[in-house]
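Every heavy atom of this structure was used, including side-chain atoms; hydrogens, water molecules and symmetry mates were not. Remember, predicted model here, so these are calculated numbers, not experimental data. Here, residue 1 is the first one in the sequence, and each next residue gets the next number.
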Amino acid sequence: MSASATPSAAQILSLFRSLLRVARDFPDYNIREYTTRRTIDAFRQNASLSDPSSISSAYSHGKSQLAVVKRQAVVYSLYAPPLRSVMELQQVPF
C-alpha cells in the first residue's frame, strides 16, 4: 500500500483483529491484558480521525506495532514463567 492510499475499513478491522489475536499469545496474564486494553484504547482514540493522511499514519503505526507485538509474544513465550498467575487459576466454587 502506498503512503497516500487510505486503508479501507476492512483493512483497519483486520489490523484490529490481528492485534487482539496476537495479544492472546502472550503467556503472562498481565502482558496479555495490557496489550488487549492498549489495542482497544488506541482504536477508540483514533476512531474519530477523518483526515486521510492521519488515518494512513495511524494505520502505518498500527502495522508497525503489530510487528513489535508479534516479536514480543515470541520472546515472552521463550521465557514464560513456570507458574500461572492467580488471575488465571480456575475458581473453585465454595
Side-chain angles (χ1 to χ4, degrees):
M1 180 170 81
S2 65
S4 63
T6 304
S8 68
Q11 289 174 312
I12 293 170
L13 187 59
S14 174
L15 175 62
F16 179 69
R17 288 179 179 160
S18 295
L19 282 162
L20 291 179
R21 206 172 291 121
V22 172
R24 289 189 302 218
D25 292 342
F26 281 99
D28 184 77
Y29 173 82
N30 293 321
I31 302 298
R32 186 171 55 244
E33 290 301 311
Y34 171 78
T35 306
T36 302
R37 187 175 59 247
R38 181 66 186 101
T39 298
I40 293 169
D41 290 346
F43 273 81
R44 281 187 183 149
Q45 179 183 0
N46 291 327
S48 62
L49 294 178
S50 58
D51 180 39
S53 64
S54 61
I55 293 172
S56 293
S57 174
Y59 182 76
S60 297
H61 180 70
K63 292 290 274 187
S64 66
Q65 290 301 307
L66 177 61
V68 169
V69 170
K70 283 182 178 181
R71 285 194 306 269
Q72 286 303 111
V74 170
V75 170
Y76 273 90
S77 68
L78 294 174
Y79 301 103
L83 299 175
R84 298 183 78 172
S85 170
V86 173
M87 298 299 292
E88 296 175 303
L89 296 177
Q90 185 76 10
Q91 294 291 332
V92 179
F94 293 105

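Here CG of L49 is found 11.0 Å from CZ of F43. Values are rounded to the nearest 0.5 Å. Within the model, atoms CZ of R38 and OG1 of T35 stand 10.5 Å from one another, a figure rounded to the nearest 0.5 Å.
Contact record, P7 with Q11: CA-OE1, 3.1 Å, taken as the closest heavy-atom pair. P52 and T6 make their closest contact through CB-OG1, 3.3 Å (heavy atoms, listed as atom of the first residue, atom of the second, distance).
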Distance-only donor-acceptor pairs under 3.5 Å for side chains of residues 17-28, two or more places apart:
{"unit_1": "S18", "atom_1": "OG", "unit_2": "S14", "atom_2": "O", "d": "2.9"}
{"unit_1": "D28", "atom_1": "OD2", "unit_2": "N30", "atom_2": "N", "d": "3.2"}
{"unit_1": "D28", "atom_1": "OD2", "unit_2": "I31", "atom_2": "N", "d": "3.1"}

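Under the 4.5 Å side-chain contact rule for hydrophobic residues, Y76 and V74 do not share a cluster. Under the 4.5 Å side-chain heavy-atom criterion for grouping Ile, Leu, Val, Met, Phe, Trp and Tyr, Y29 is not connected to Y34 through any hydrophobic cluster.
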Query - Evaluation steps, side-chain contact (heavy atoms from CB on, under 4.5 Å), between I12 and I55 - result: CA-CA 10 Å; I12 293 170; I55 293 172; 4.2 Å; yes
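For S53, the side-chain contact (heavy atoms from CB on, under 4.5 Å) partners two or more places apart in sequence, or in a different chain, are D51.
Taking Ile, Leu, Val, Met, Phe, Trp and Tyr as hydrophobic and joining them when side-chain heavy atoms fall under 4.5 Å apart, one finds V68 isolated, its cluster having no other members.
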